Amino acid sequence: GGFTNNSWSTRLNILDTNNYSRDISTGSQSPLSTNGETTVTYELTNLTRGTNRLIFYVDSQNNISESNEGDNSMQQTIQVY
C-alpha cells in the first residue's frame, strides 16, 4: 500500500479490434491513509466484437507515495464474441 493526502485518479483505455481508442475515467479518488488500499471498479458496456485491449492506469500523476512508481499500469486483452 501507499499513502497520499491528495486525491488521485485512475483511467481505463480501451483499444478495440478496429483500432478505435477510448478512455473511461473514474475521476478523483479519495486520499489513502498509510499502507491504505482501495478497490476501483469499472463497468464496461458496448465493447466491440473481437479483440479488445484494456489498459489500466493508476495514479499517473504520482500523487501516491509508494515504493515502486513504475508499476502504475497494466493491460489485459480480452475477446468479445
Side-chain angles (χ1 to χ4, degrees):
F3 75 92
T4 179
N5 293 324
N6 302 313
S7 61
W8 53 281
S9 64
T10 64
R11 180 170 57 97
L12 169 60
N13 175 264
I14 301 171
L15 181 66
D16 71 18
T17 195
N18 299 316
N19 288 323
Y20 174 73
S21 178
R22 63 185 165 125
D23 282 337
I24 298 174
S25 176
T26 62
S28 292
Q29 300 294 322
S30 299
L32 291 175
S33 60
T34 300
N35 293 318
E37 296 180 8
T38 192
T39 300
V40 177
T41 303
Y42 287 96
E43 181 177 328
L44 304 176
T45 59
N46 300 324
L47 291 176
T48 303
R49 288 181 188 256
T51 302
N52 289 263
R53 185 174 60 174
L54 310 176
I55 307 169
F56 300 90
Y57 300 93
V58 176
D59 187 37
S60 58
Q61 301 297 317
N62 290 326
N63 289 332
I64 299 175
S65 175
E66 54 189 301
S67 61
N68 184 356
E69 295 289 353
D71 66 349
N72 291 348
S73 67
M74 69 85 62
Q75 57 182 304
Q76 180 72 42
T77 301
I78 62 171
Q79 188 72 26
V80 177
Y81 296 96

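Position 1 is the first residue of the sequence; numbering continues from there. Keep in mind that this is a model prediction, so the values were computed, not measured.
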CZ on R22 to CG on L12, rounded to 0.5 Å:
8.5 Å
In Å, rounded to the nearest 0.5 Å, how long is the span from OG1 of T77 to CZ of R53?
6.5 Å
Would you say T51 and I78 make side-chain contact, with heavy atoms under 4.5 Å?
no
Given 3.5 Å as the limit, does a donor-acceptor pair link the side chain of N19 with the main chain of L15, or not?
no
For a 4.5 angstrom cut-off between non-hydrogen side-chain atoms, does I14 reach I24?
yes
For I55, the other hydrophobic cluster members (4.5 Å side-chain criterion, sorted by chain and number) are Y57
When you compare the side chain of T48 with that of N18, does any pair of heavy atoms fall below 4.5 Å?
yes
Could you check whether any side-chain N or O of N52 sits under 3.5 Å from a backbone N or O of G50, counting only pairs where one atom can act as donor and the other as acceptor?
yes
Using the rule that Ile, Leu, Val, Met, Phe, Trp and Tyr join whenever any side-chain heavy atoms are under 4.5 Å apart, tell me whether W8 and M74 fall into a single cluster.
yes
Tell me, yes or no, whether the heavy-atom count around R49 atom CZ, taken from other residues, nucleotides or ligands under 6.0 Å, exceeds 12.
no
Within the 4.5 Å heavy-atom criterion, are V58 and S73 side-chain neighbours or not?
no
Quick one, L54 with Y42, criterion side chain to side chain contact (heavy atoms under 4.5 Å, CB included). Give me CA distance, side-chain angles, the key distance, then yes/no.
CA-CA 11 Å; L54 310 176; Y42 287 96; over 6 Å; no
Kindly write out the residues that satisfy side chain to side chain contact (heavy atoms under 4.5 Å, CB included) with E43, not counting sequence neighbours, or none if the list is empty.
T45
